[in-house]
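Not measured: the values here are computed from a predicted model.
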Amino acid sequence: MIALAAGATVGALVDAVRGGGAAAVIVVEVAPDIAALERHLILAAIAPLAIECAPATRLCAIDVGEGADPADVAALRDWLAGAECTTGQVVAVKRVADAGA
């Protein structure tokens, strides 16, 4: 798993993925505090990097929204790590407002 937070760059993502060794699955967590432009560049890089890594490695990303429940992020991370037919996907996890609000 690669966790990207404030100050992360698309270059850092590319270096981390390419230097990931022989991992079968890489799940990238993109935190909400990354600058907007860099965040979009990082998310746009997932599909081409997944193609570059295939078939030996599957690469997916979680676009973590502000206020997202950490349990939801962990559940998605586990699901992506075990889903044998996914690569190149970016899945957003966002805060869900209370039904009574």
Side-chain angles (χ1 to χ4, degrees):
M1 200 252 324
I2 298 172
L4 300 176
T9 65
V10 70
L13 169 66
V14 171
D15 291 345
V17 169
R18 288 182 177 163
V25 181
I26 300 172
V27 178
V28 179
E29 286 186 21
V30 182
D33 58 356
I34 297 174
L37 176 60
E38 204 62 44
R39 179 184 195 78
H40 290 292
L41 291 171
I42 288 168
L43 295 173
I46 296 299
L49 282 171
I51 292 168
E52 181 180 317
C53 293
T57 301
R58 293 184 302 107
L59 175 68
C60 300
I62 303 172
D63 182 7
V64 181
E66 193 69 44
D69 185 336
D72 292 340
V73 175
L76 179 57
R77 180 186 334 109
D78 293 344
W79 184 82
L80 287 171
E84 296 178 5
C85 62
T86 60
T87 192
Q89 283 74 22
V90 175
V91 182
V93 178
K94 300 180 180 184
R95 183 178 68 85
V96 176
D98 292 332

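- Note that CG of Asp63 is 10.0 Å distant from CD1 of Ile46, once rounded to the nearest 0.5 Å.
- Under the 4.5 Å side-chain heavy-atom criterion for grouping Ile, Leu, Val, Met, Phe, Trp and Tyr, Ile34 is not connected to Leu76 through any hydrophobic cluster.
- Put simply, Val64 and Leu37 are part of two different groups of oily side chains (I, L, V, M, F, W, Y) that touch within less than 4.5 Å, one to the next.
- Under the 4.5 Å side-chain contact rule for hydrophobic residues, Val28 and Ile51 do not share a cluster.
- Nearest heavy-atom pair across Gly88 and Cys60 is N-SG, 4.2 Å.
- For Arg39 (side chain) and Asp33 (main-chain N/O), no donor-acceptor pair under 3.5 Å exists by modelled atom type.
- No continuous path of ILVMFWY side-chain contacts below 4.5 Å connects Val73 to Val90, so the two sit in separate hydrophobic clusters.
- Here the closest non-hydrogen pair linking Ala16 and Ile2 is CB-CD1, 3.7 Å.
- Between Glu29 and Met1, some side-chain heavy-atom pair lies under the 4.5 Å cut-off.
- Across every non-hydrogen atom of Val93 and Ile62, the tightest pair is CG2-CG2, 3.8 Å.
- Annotation: side chain of Leu4 is in contact with side chain of Leu13 (closest heavy-atom distance under 4.5 Å).
- The backbone N or O of Ala24 sits nowhere less than 3.5 Å from a side-chain atom of Thr57 that would complete a donor-acceptor pair.
- Side chain of Glu52 to backbone of Ala50: no donor-acceptor contact under 3.5 angstrom is found.
- When each of Ile26, Leu59, Thr86 is tested with Leu80 by the rule side-chain contact (heavy atoms from CB on, under 4.5 Å), just one qualifies, namely Thr86.
- Of all non-hydrogen atoms in Arg58 and Ala83, the two that sit nearest each other are NH1-O, 2.5 Å.
- Scanning both residues, Val10 and Glu38, for their nearest heavy atoms gives N-OE2, 2.6 Å.
- Counting only heavy atoms from C-beta outward, the side chains of Val27 and Val25 approach each other to under 4.5 Å.
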